Amino acid sequence: MSRSRPSAVPGPRVVVALLLLLGLVSVMLLDGYLRAEVGDDQRIRSGASADKVPDSVLDGGPLLSFPGGTARTQSVPDKTIVLTFDDGPDPEWTGKVLDVLDANDVPGTFFLVGSMISRYPSLVRDMVDGGNEVGIHTFTHVDLSYQGASRITRELAQTQLALAGAAGITTTLFRAPYSSTNDSIDNYSWPVYEKLGALGYTSVFIDTDSEDWQQPGVDKIIDLATPKSGKGASVLFHDSGGDREQTLEALPRYIKKMKAKGYTFTTVSGAQQQDEQTRAQSGQGTPAPGGQAATPPAAASDPEQAAHRKADTTTLWEGRALLAAVAVAEWTMPGLAAALTVVGVAVLGRFGLMLVLARSHYRRRNRRRFAWGPAVTGPVSVIVPAYNEKECIAHTLNSLASSTHPIEIILVDDGSTDGTPEIAEALGLPNLRVVRQENAGKSAALNNGVRQARYDIVVMMDGDTVFEPDTVHRLVQPFGDPAVGAVAGNAKVGNRNTIIGAWQHIEYVMGFNLDRRMYDLLRCMPTIPGAIGAFRRTAVLDVGGMSEDTLAEDTDITIALHRAGWRVVYAEHARAWTEAPASLGQLWRQRYRWSYGTMQALWKHRRSVSDRGPSGRFGRVGMPLVVLFQIVTPVFAPLIDVFTLYAMLFVDFRASLVAWLAVLLVQLVCAAYAFRLDREKYRYLLMLPLQQLAYRQLMYLVLIHSCVTAATGGRLRWQKLKRTGVVGSPVSGTESR
């Protein structure tokens, strides 16, 4: 496959991946907002002055409106009860309250929280269909006296949209949270009520409080809810906000008690109309702006229609869209939470498994008498595929020239245009052969090198990699075991002094090398890294050479070797030094190719799960582990971080932060142990928190992008990375900690 220069413009699959992530974040934000947890302003104003509030309002009736721009209060007529309920709808209690009202043939007026309407719209439809009245209790249950004009407008508009979507109506009734009686109005909240009045709202207070929210006992609730003899009352109960068992027990007894005393029950609108009729009969009327009495509105045959308005078409569809979005959030979040629980257990299980198996691997391979078999001392062929590697090729070849093991070097130039083969030939290395071919891709170059090789063991490396003097010798020793068909070496990041290099260094040591130790013991190594790997030439030819079917030719041939019955092992002491991408764009292209190529290879060898015998071990063990740990959990892993942020904003910041730090500590312990096994310097672990916040997220996006590409049937071209040649002379020996 030929290399080509990728476009700098993000393709449609990148946009799709980003839109999916944006959609998920939007769903989570919506769910959090509905639960009124994010930025929830829990301030409640008390003790403020009310000298700017008219005495007629403070001492007036519980129904406050502004006809003609003038504040007016109305009282509930004598021998009349307006049952009001706050804080619903609630999935456990509201339906039971409605059943009590229906059984006793009395209406109620429910002041609903918009976020609860959005989550339980069917209860609102039941309310309205049952002849009850509904009003606004804000969307997130905040004290409006602390809020600006835009927040107040939003609280009202969102609740009206929810009502429209749930029942096809809007309402003119309003009750502010934490403001049950007239004397709760102060200089801060009074402008809010004036604004609401100008918008046509009636603010509904109470003059009788059952205090059922305090659960004082059923008898006490009934006693507190009973008005003075003969007086009408706006009575407060709750159908949400906690345990409402006492409310449910008290309500039917209270209704029967009041009916026995000759009381009737109505809604807020019904009480207003009765008051208007009384005023009209007494000649008082509603004062008009010119000082004359205004004609009272005609009594509606259906009293609640005075407060309810049929939603216009735009509001209706916007409300339905809101409810649809909420329904998606309501179904999505529990499902994601369950999936993340499984992923979290899998991730922690992987950490535990890696630590246990890595320790066992280290002990076995570092025993004094450990040997694969007879020492391998014969010469081997080292194949270096190269395409425009002028910055690195001299370092690579010179490092091989210092090898302590006898080798022949085969440089296969894949149609370079920058003078790479000329630079190689100018070095004058006696054991170097330069083979030129037209640009055909890395797999073709490697296959050409295998055909040209004189020896049965071939070492493959990248053109930007340097070996230590003893790397080849250590790498080929496992071939002392005739069952071994390939060996994976230990790739190291050479330019770790950059941020990206340091991040990749942590990933290589912690992720790749701990993984390889685990897979080695389980005998299901999924990938021999292109930077450093060795093969029996006969094994490579036996499986048809390096395939051009996928972009991950290293993973492809590794799985093919497993299926052919060869054993693939890991030589931890055979180190190669490679150059990490110098920019995020280069990093993205590299990892995009890796992850997409891995998916191609796994799909190509999907039938390995049904292989039998020793050759089926990869399909039985390796394939499930690779799919779970390299595709499924990484795809869902970003959600763990997103959910952590969600929990910090919407649930409990401190507890969520502690949980995130605990996971980070587990990762730090694993990383430190991996660094200890590889004898690396611990100082690079200082970059781990930043890696988790930045680098890891980029890797997640790359994997999601690859999944979208695979799902849509796209094909990815080979992408040549720009190298700087900063990884020069090989580092000999181990690094001190």
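All values derive from a computational prediction rather than experimental measurement.
Between Thr208 and Ala233, the shortest heavy-atom contact is OG1-CB, 3.4 Å. Listed here is the closest heavy atom pair of Asp212 and Leu236: OD1-O, 4.4 Å. Closest approach of Val76 and Ser234 over heavy atoms only: CG2-N, 3.9 Å. Between Ala271 and Leu63, the closest heavy-atom pair is CB-CD1, 4.3 Å. The two residues Ala167 and Val128 make their nearest non-hydrogen contact at CB-CG2, 4.0 Å. Nearest heavy atoms, Leu64 versus Ala71: CD1-CB, 4.3 Å.
For residues 77-100, the set of pairs meeting the salt bridge (Lys or Arg N to Asp or Glu O under 4.0 Å) definition, not counting sequence neighbours, comprises Asp86-Arg175.
With hydrogens and angles disregarded, a donor-acceptor distance shorter than 3.5 Å links the side chain of Thr159 to the backbone of Glu155. Using modelled atom types, no side-chain atom of Ser65 and backbone atom of Pro67 make a donor-acceptor pair closer than 3.5 Å. With hydrogens and angles disregarded, no donor-acceptor distance shorter than 3.5 Å links the side chain of Asn104 to the backbone of Val106. Thr267 places a side-chain N or O within donor-acceptor distance of the main-chain N or O of Gly270, the cut-off being under 3.5 Å. Within the 3.5 Å criterion, the main-chain N or O of Pro89 finds no donor-acceptor partner in the side chain of Asp239.
Taking 4.5 Å as the limit, some side-chain heavy atom of Ile152 sits within range of a side-chain heavy atom of Leu144. Counting only heavy atoms from C-beta outward, the side chains of Tyr120 and Thr94 never approach each other to under 4.5 Å. Looking at heavy atoms from C-beta onward, Thr84 lies out of side-chain contact with Val235 at the 4.5 angstrom threshold. Side chains of Ser240 and Phe85 form no contact here, defined as non-hydrogen atoms less than 4.5 Å apart. The side-chain heavy atoms of Ile631 and Leu602, taken from C-beta on, include a pair separated by under 4.5 Å. A 4.5 Å side-chain heavy-atom check between Lys257 and Tyr263 finds every atom pair outside the cut-off. Between Thr140 and Val113, every side-chain heavy-atom pair lies at or beyond the 4.5 Å cut-off. Between Val663 and Val666, the closest side-chain pair of non-hydrogen atoms is not below 4.5 Å.
Legend: residues meeting side-chain hydrogen bond (donor to acceptor under 3.5 Å, both in side chains) with Thr73, ordered by chain and number and at least two apart, are absent. With sequence neighbours left out, Thr202 forms a side-chain hydrogen bond (donor to acceptor under 3.5 Å, both in side chains) with Gln272.
Under 4.0 Å is where a charged nitrogen must lie from a carboxylate oxygen, and between Lys220 and Glu249 no such pair does. Between Arg253 and Asp219 there is a salt bridge, with a side-chain nitrogen of the basic residue lying less than 4.0 Å from a carboxylate oxygen of the acidic one.
Ring pair Phe205/Tyr193: centre-to-centre distance below 6.0 Å. A centroid separation of less than 6.0 Å is found between the aromatic rings of Phe237 and Tyr254. You'll find the ring centres of His137 and Phe174 outside the 6.0 Å limit. Aromatic rings of Trp190 and Phe66 (six-membered ring for Trp) have centroids within the 6.0 Å cut-off, being under it.
The structure places CG of Leu316 at 12.0 Å from CG of Leu163, a figure rounded to the nearest 0.5 Å. Rounding to the nearest 0.5 angstrom, the gap separating the OG1 atom in Thr138 from the CZ atom in Phe111 is 12.0 Å. The structure places CD1 of Ile221 at 10.0 Å from CG of Leu251, a figure rounded to the nearest 0.5 Å. Rounding to the nearest 0.5 Å gives a distance of 5.5 Å between CE of Met127 and CG of Leu98. With rounding to the nearest 0.5 angstrom, the OG atom of Ser75 is 7.0 Å from the CG atom of Asp207. Residue Thr266 holds its OG1 atom at 10.0 Å from CG of Leu83, rounded to the nearest 0.5 Å.
Within a 6.0 Å radius of CG in Asp105, other residues, nucleotides and ligands contribute 12 heavy atoms or fewer.
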Please assess Lys195 against Thr153 for the test side-chain hydrogen bond (donor to acceptor under 3.5 Å, both in side chains), listing each intermediate value before the final yes or no. CA-CA 10 Å; Lys195 178 179 180 179; Thr153 300; 3.2 Å; yes

Working for side chain to side chain contact (heavy atoms under 4.5 Å, CB included), residues Ile169 and Arg309: CA-CA 5 Å; Ile169 63 168; Arg309 302 285 187 269; over 6 Å; no

Let me see the working for Phe265 and Lys259 under side chain to side chain contact (heavy atoms under 4.5 Å, CB included), right down to the final yes or no. CA-CA 8 Å; Phe265 291 82; Lys259 282 186 174 181; 3.8 Å; yes

Tell me, with the steps shown, if Glu133 and Ser269 meet side-chain hydrogen bond (donor to acceptor under 3.5 Å, both in side chains). CA-CA 8 Å; Glu133 200 163 65; Ser269 295; 2.6 Å; yes

Check step by step if side chain to side chain contact (heavy atoms under 4.5 Å, CB included) holds for Ile117 and Leu112. CA-CA 7 Å; Ile117 299 173; Leu112 307 176; 3.6 Å; yes

Determine whether Thr109 and Asn132 satisfy the following criterion, side chain to side chain contact (heavy atoms under 4.5 Å, CB included), listing intermediate values before the conclusion. CA-CA 6 Å; Thr109 301; Asn132 299 284; over 6 Å; no

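Looking at Glu276 and Gln273, their side chains never bring a donor and an acceptor atom within 3.5 Å of each other. Side-chain atoms of Arg244 and Gln246 form no donor-acceptor pair, as typed in the model, at a separation below 3.5 Å. Asp223 and Thr226 share no side-chain donor-acceptor pair at under 3.5 Å.
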